[in-house]
Chemist: 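Before we start, here is the structure in question, set down as structure tokens.
We count residues from 1, following the sequence as given.
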Amino acid sequence: MEPDPTLVETRRSLHGVAELVLAGPQHAAVDTVRLRVVPGGLATSRAEPQVSLVGSRVERGDAVARIDGSTPRDLAAALGLVATTLDHVYGDGSGVGVDETLQVDDDSVATLTRAWSIGNDALRLLDPSQEPVLWPEHFDVGISLGEVNYGVSPGDSTIPAPYAYVGPWTVPAADDFWDRPFGAARLISDLVDREAVHAFFEEARGRLG
């Protein structure tokens, strides 16, 4: 499928915000990059700093700042924070700089946040004992069961739209189900809802034994 340039630009901008305004300051304060899915978006996983990315804005207490047309540095400052990179934690992230002007489209934001929400719900159905994690490096929400990673990605350079994935540490031989070098993937637009994503995860788990 051909990439949607507006979705790609929006995803990149939100990825930069998640890294530099949420996960970066949180890591500096409490040494974790883990984020979580919340209604309408994402949030830090610790009480301080408690920052949310909701729709096309960021929030911290009463402080609110719109993302479109701003920079990560300015967004963080509006929330009383310092935009902080995670280059010392991992090497493959958004590539967004602290002074880059961000561009987001509301419809694209809705597509991305819906995918994370569906993924979060499906993962909780798969294993209610786990808290799904939104990882700022690859921007996916996921869990691991045994030696298998399950999750939902907002899209990337290989699959440009949101998709659910199953990534066994030992990848089975390619067939109609195992259709990717890392395992299996299905577009969220094809799976539609959390029940369908959960069914995909369960089918993979059944095939893996």
Chemist: So, Asp140 and Tyr165: side-chain donor and acceptor under 3.5 Å apart, yes or no?
Modeler: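 Looking only at side-chain atoms, Tyr165 and Asp140 do form a donor-acceptor pair, the distance falling under 3.5 Å.
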
Chemist: Heavy atoms only: give me the nearest Thr10-Ser108 pair and the separation to one decimal.
Modeler: OG1-CB, 3.6 Å

Chemist: Going by an N to O cut-off under 4.0 Å, is there a salt bridge joining Glu203 and Arg186?
Modeler: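 The answer is no: the pair does not qualify as a salt bridge.
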
Chemist: Taking the side chain as every heavy atom from C-beta outward, state whether Val51 and Glu59 have any atom pair closer than 4.5 Å.
Modeler: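 Result no, sub-4.5 Å side-chain heavy-atom pair not found.
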
Chemist: Any non-hydrogen side-chain atom of Leu79 less than 4.5 Å from a side-chain atom of Val58?
Modeler: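 Side chain of Leu79 against side chain of Val58, heavy atoms only: contact under 4.5 Å found.
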
Chemist: Would you give the length of the straight line joining atom CG of Leu123 to atom CD1 of Ile143, rounded to the nearest 0.5 angstrom?
Modeler: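 That separation rounds to 5.0 Å.
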
Chemist: Just by distance, no angles: are the side chains of Ser94 and Glu19 close enough, under 3.5 Å, to form a donor-acceptor pair?
Modeler: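 Present: a donor and an acceptor within the cut-off.
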
Chemist: With the threshold set at 4.0 Å, does a side-chain nitrogen-carboxylate oxygen contact exist between Glu100 and Arg12?
Modeler: yes

Chemist: Under a 4.0 Å N-O cut-off, is there an ion pair linking Asp68 with Arg57?
Modeler: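 No salt bridge links Asp68 with Arg57.
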
Chemist: Would you call Arg34 and Glu131 a salt bridge, taking side-chain N to carboxylate O under 4.0 Å as the test?
Modeler: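 No.
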
Chemist: Return yes if a side-chain donor-acceptor contact under 3.5 Å exists between Tyr150 and Gln130, otherwise no.
Modeler: no

Chemist: Just checking, any donor-acceptor pair under 3.5 angstrom between side chains of Ser56 and Asp106?
Modeler: yes

Chemist: Answer yes if the ring centres of Trp116 and Phe139 are under 6.0 angstrom apart, and no otherwise.
Modeler: yes

Chemist: Can you tell if the side chain of Val37 reaches within under 4.5 Å of the side chain of Pro132, non-hydrogen atoms only?
Modeler: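 Side-chain contact under 4.5 Å: no.
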
Chemist: I want to know whether His88 and His27 have ring centres closer than 6.0 Å.
Modeler: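 Yes, the ring centres sit under 6.0 Å apart.
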
Chemist: Please tell me if the side chains of Leu75 and Arg66 come closer than 4.5 Å, counting only heavy atoms from C-beta onward.
Modeler: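 Counting from C-beta outward, Leu75 and Arg66 never come under 4.5 Å.
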
Chemist: Is there side-chain contact between Val104 and Leu14, with heavy atoms separated by less than 4.5 Å?
Modeler: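 Yes; the side chains approach each other to less than 4.5 Å.
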
Chemist: Could you measure the distance from the OG1 atom of Thr101 to the CD1 atom of Ile67? Nearest 0.5 Å is fine.
Modeler: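 Separation between the atoms: 13.5 Å.
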
Chemist: State, with a plain yes or no, whether a side-chain heavy atom of Phe201 is found less than 4.5 Å away from one of Val166.
Modeler: yes

Chemist: Over all heavy atoms of both residues, which pair between Thr32 and Ser45 is shortest? Give the atoms and the distance, please.
Modeler: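 Closest approach of Thr32 to Ser45, heavy atoms only: CG2-OG, 4.2 Å.
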
